[in-house]
Amino acid sequence: MKAKFCLFIALMALTTCVNAKKHPQIKFEKTTIDLGTFSMDDPVQKTVFKFTNVGDAKLVIVSVQASCGCTVADYPKDFISPGASGEITVTYNGSGKMPGKFKKNVQVFSNSKEEMTRIFITGEMTDLPVSKKVKK
């Protein structure tokens with residue numbers, strides 16, 4: 001009886017291991033990128049967020065949503081295999097915006113273990129061309 005019980009426990013453990021669900025996992029090289037200081041004369045700035053699928057299943061980015069209309073993101077629409085990398089291009093357009101410092105977030109929705117990941121861009125848009133800005 002004791003042998004049958006141990007065999008039953010061993011089979012249950014094996015079944016649990018076999019049925020363990022595999023998950024993709026998105027890992028960004030950086031979650032915040034500083035665009036630096038730029039002028040209202042050149043208000044459109046782009047940057048690239050690089051990521052890797054460090055999980056053990058195919059990653060799918062379902063959607064990407066920026067915190068405001070001044071920020072848009074382009075992302076891969078295909079599967080990202082385990083161990084493969086990808087890029088999300090984020091574009092900030094400060095046209096018609098007030099000069100000053102900013103911080104914008106972009107929400108990345110995927111089939112990763114963490115369904116939503118936030119990435120951020122920061123920077124400062126000045127009202128003078130950067131080359132003509134008076135140094136203090």
Side-chain angles (χ1 to χ4, degrees):
M1 182 73 171
K2 194 174 189 182
K4 286 183 181 180
F5 181 74
C6 289
L7 181 61
F8 176 76
I9 297 297
L11 285 173
M12 290 300 290
L14 180 62
T15 303
T16 303
C17 290
V18 169
N19 290 331
K21 188 171 181 177
K22 295 183 176 186
H23 292 283
Q25 187 171 357
I26 192 167
K27 180 174 168 80
F28 285 91
E29 285 183 5
K30 295 180 180 180
T31 56
T32 301
I33 295 179
D34 185 357
L35 299 175
T37 302
F38 57 93
S39 169
M40 289 175 70
D41 294 341
D42 187 22
V44 179
Q45 302 292 312
K46 285 186 179 186
T47 192
V48 174
F49 287 87
K50 296 179 181 183
F51 65 88
T52 302
N53 177 2
V54 296
D56 51 10
K58 290 183 179 180
L59 174 72
V60 178
I61 297 178
V62 178
S63 71
V64 175
Q65 298 175 356
S67 59
C68 75
C70 61
T71 306
V72 295
D74 184 35
Y75 59 96
K77 310 303 189 277
D78 294 332
F79 290 106
I80 294 95
S81 297
S85 298
E87 298 179 345
I88 297 176
T89 302
V90 176
T91 305
Y92 172 78
N93 186 345
S95 299
K97 303 290 181 195
M98 294 293 293
K101 292 183 179 184
F102 64 88
K103 181 175 185 177
K104 304 293 179 185
N105 77 70
V106 176
Q107 296 176 331
V108 180
F109 295 92
S110 70
N111 66 333
S112 182
K113 268 184 163 180
E114 302 80 31
E115 293 176 4
M116 191 268 295
T117 305
R118 278 194 176 93
I119 54 178
F120 301 89
I121 57 170
T122 61
E124 181 177 10
M125 186 170 68
T126 65
D127 56 351
L128 296 172
V130 174
S131 61
K132 295 182 181 178
K133 191 171 181 179
V134 179
K135 294 185 180 183
K136 296 179 184 178

State which residues pass side chain to side chain contact (heavy atoms under 4.5 Å, CB included) with Asp127; sequence neighbours excluded, sorted by chain then number. Met40, Pro99
Val64 and Leu59: same hydrophobic cluster, using ILVMFWY side-chain contacts below 4.5 Å? yes
Report the residues that fulfil side chain to side chain donor-acceptor pair (under 3.5 Å) with Asn93, sequence neighbours left out, ordered by chain and then residue number. Ser95
Which heavy atom in Tyr92 sits nearest to a heavy atom in Thr71, and how many Å separate them? CD1-OG1, 3.8 Å
Any pair counted as salt bridge (charged side-chain N to carboxylate O under 4.0 Å, His left out), so long as it reaches residues 100-121, sequence neighbours left out: none
Closer than 3.5 angstrom, by distance alone: can the side chain of Thr32 be matched with the main-chain N or O of Phe120 as a donor-acceptor pair? no
Do any pairs count as a disulfide bond (SG atoms under 2.5 Å apart) and have a residue in residues 81-125, sequence neighbours left out, and if so which ones? none
Disulfide bond (SG atoms under 2.5 Å apart): pairs with one or both residues in residues 41-85, sequence neighbours excluded: Cys68-Cys70
Please set out all donor-acceptor pairs under 3.5 angstrom arising from side-chain atoms of residues 42-56, sequence neighbours excluded.
residue	atom	partner	partner atom	Å
Gln45	NE2	Asp42	O	2.9
Thr52	OG1	Ser85	OG	3.1
Asn53	OD1	Gln25	N	3.1
Asn53	OD1	Gly55	N	2.9
Asn53	ND2	Ala57	O	2.8
Asn53	ND2	Ile80	O	2.9
Asp56	OD1	His23	N	2.8

Closest contact, heavy atoms only, Ile88 versus Pro76: CG1-CD, 4.4 Å
Phe28-Phe109 co-clustered via ILVMFWY side chain contacts under 4.5 Å: no
I need the Phe102 CZ to Thr122 OG1 distance, nearest 0.5 Å. 7.0 Å
Does any non-hydrogen side-chain atom of Val106 lie less than 4.5 Å from one of Ile121? no
Suppose the criterion is disulfide bond (SG atoms under 2.5 Å apart): which pairs have a residue in residues 78-112, not counting sequence neighbours? none
Could you list the residues that satisfy salt bridge (charged side-chain N to carboxylate O under 4.0 Å, His left out) with Asp74, not counting sequence neighbours? Lys77
Which pairs pass salt bridge (charged side-chain N to carboxylate O under 4.0 Å, His left out) with one or both residues in residues 79-94, sequence neighbours excluded? none
Is the backbone of Ile26 close enough, under 3.5 Å, to the side chain of Ser112 for a donor and an acceptor to pair up by distance? yes
Taken in chain and number order and not counting sequence neighbours, the residues that satisfy side chain to side chain contact (heavy atoms under 4.5 Å, CB included) with Lys30 are Ile33
Enumerate the residue pairs fulfilling disulfide bond (SG atoms under 2.5 Å apart) with a member in residues 81-129, sequence neighbours excluded, ordered by first and then second residue. none
Apart from Val60 itself, residues in the same hydrophobic cluster as defined by side-chain heavy atoms under 4.5 Å: Phe79
